[in-house]
Amino acid sequence: MITSMTNSRVKNVIALIKKAKTRKEQGLFVVEGTRMVKEAPKDRIKDLYVSESFLMKEENRTFLEKEVAVPFEAVKDEIFAKMSDTVTPQGILCVLQKMDHNLEYMLDQKEGPFLVLEDIQDPGNLGTMIRTGEGAGIAGVIMSNQTVDIYNPKVIRSTMGSVYRVPFCYVDDLPAALRLLKKRGVHTYAAHLQAEDNYDGCLFTGQTAFLIGNEGNGLSDEVSALAQHRLKIPMEGQVESLNAAVSASILMYEAYRQKRGHLTDRNK
């Protein structure tokens, strides 16, 4: 059992939680809670830690044996609390190997809309987009290298496990990535306040990518100019814009609605 804050493994977990640089250098990240640990790909779990109080409950010991089935290290409660990034730790966390994909891989995997994100900064927004994207059946998420780190603990929690299942990648050159999408037959739609076309008047049943910009600045002129289409979400009242995650969710689910309708019509 780990009983000291000077333990090198404890220090490393804390560094992985707090520092994107450490996560990048080691190719590792941390998840917390029974659900996130249960759904984690077993072949990517490097270390598993549980608090001593977690181990005192029989149902937790059964969970570790039957649902997780990987070796673990027990940690004194007060030490585990320091390792955790949550106010009320559940008493279980694990260190995982990263799951980055590349753009070519994602384009080859399956049809479906892509989400292209330029410089999204809010961890909750990114996590929500990934979680909603899984529900809407997207093919993957493509992010500029200035987008918040997907392995930030706040992003991870917001995904509720979808981070394990939705392919994603960061690209150093977002315009080049958009040109590749076009070359591969993917139609790109930029969410833009100055667009003339409403989103519900567009057809998304083919290969599609939705471009969502930074929360404060929107899409850059260069990126929005590369989109084949611009669209907007009509709004009433004095609202100037919608939250980035809300906008992305509306577009992804409109594509999902159209796809479901298309399949239904085809099977009549």
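No experiment lies behind these values; they were computed from the predicted model shown.
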(message) Would you compute the distance between atom CG of Asp122 and atom CG of Asn243 and round it to the nearest 0.5 angstrom?
(response) 7.5 Å

(request) Check Val186 against Gln228 and note the closest heavy-atom contact, atom names and distance. (result) O-OE1, 3.1 Å

(request) Evaluate whether atom NZ of Lys42 has more than 12 neighbouring non-hydrogen atoms of other residues, nucleotides or ligands under 6.0 angstrom away. (result) yes

(message) So, taking the atom named OG in Ser247 and the one named CD1 in Ile212, what distance separates them when rounded to the nearest 0.5 Å?
(response) 6.0 Å

(request) Over all heavy atoms of both residues, which pair between Ile14 and Met83 is shortest? Give the atoms and the distance, please. (result) CG1-CA, 4.0 Å

(message) When you measure from the side chain of Asn125 to the backbone of Ala244, do you find a donor-acceptor pair of N or O atoms at a distance under 3.5 Å?
(response) no

(message) With a 6.0 Å cut-off (strictly less than), is the heavy-atom count around CE of Met1, excluding the residue itself, greater than 12?
(response) yes

(message) Under a 4.0 Å threshold between the charged nitrogen and the carboxylate oxygen, would Glu196 count as salt-bridged to Arg230?
(response) no

(request) Using modelled atom types only, decide if a donor and an acceptor are shared between the side chain of Asn198 and the backbone of Gly201 within a distance under 3.5 Å. (result) no

(message) Using only atom types and a distance under 3.5 Å, with no angle test, would you say the side chain of Asp77 pairs donor to acceptor with the backbone of Glu52?
(response) yes

(message) How close do Pro41 and Leu96 get, counting heavy atoms only, and between which atoms?
(response) O-CD2, 4.3 Å

(message) Against Phe72, only a single residue in Ile45, Ile92, Leu64 fulfils side-chain contact (heavy atoms from CB on, under 4.5 Å); can you say which?
(response) Leu64

(request) Answer yes or no: does atom CG of Asn145 have more than 12 heavy-atom neighbours from other residues, nucleotides or ligands under 6.0 Å? (result) yes

(request) Would you name the heavy atoms of Met252 and Leu115 that are closest together and state the gap between them? (result) SD-CD2, 4.0 Å

(message) Between Tyr164 (side chain only) and Met36 (backbone N and O only), is there a donor and an acceptor less than 3.5 Å apart?
(response) yes

(message) Does Glu58 have more than 12 heavy atoms from other residues, nucleotides or ligands lying within 6.0 Å of its CD?
(response) no

(request) For the pair Arg165 and Glu39, find out whether any cationic side-chain nitrogen is under 4.0 Å from an anionic carboxylate oxygen. (result) yes

(message) Within the supplied structure, the quantity of interest is the number of heavy atoms (other residues, nucleotides, ligands) at a distance under 6.0 Å from Lys24 NZ; does it exceed 12?
(response) no

(message) Centre-to-centre under 6.0 Å for Tyr189 and Phe204, is that the case here?
(response) yes

(request) Identify whether the distance between the nearest side-chain nitrogen and carboxylate oxygen of Arg184 and Glu104 falls below 4.0 Å. (result) yes

(request) Run the salt-bridge test on Asp85 and Lys18 with the 4.0 Å N-O cut-off and return the result as yes or no. (result) no

(request) Answer yes or no: is there an ion pair linking Asp149 with Arg23, defined by an N-O contact shorter than 4.0 Å? (result) yes

(message) Given 3.5 Å as the limit, does a donor-acceptor pair link the side chain of Thr159 with the main chain of Arg131, or not?
(response) no

(request) Look at the side chain of Asn60 and the backbone N and O of Phe54, then say whether any donor-acceptor pair between them is shorter than 3.5 Å. (result) yes

(request) Supply the atom-to-atom distance Ser220 OG to Gln146 CD, rounded to the nearest 0.5 angstrom. (result) 12.0 Å

(request) Could you tell me whether a side-chain N or O of Thr132 sits under 3.5 Å from a main-chain N or O of Met129, the two making a donor and an acceptor? (result) no

(message) So which atom in Ser84 and which in Glu32 form the shortest heavy-atom distance, rounded to 0.1 Å?
(response) OG-OE1, 2.6 Å

(request) Mind checking the CE-CD1 spacing from Met160 to Ile130? Nearest 0.5 Å is all I need. (result) 13.5 Å

(message) Using every non-hydrogen atom in the two residues, find where Pro123 and Ser158 come nearest and quote the distance to one decimal.
(response) O-OG, 4.3 Å

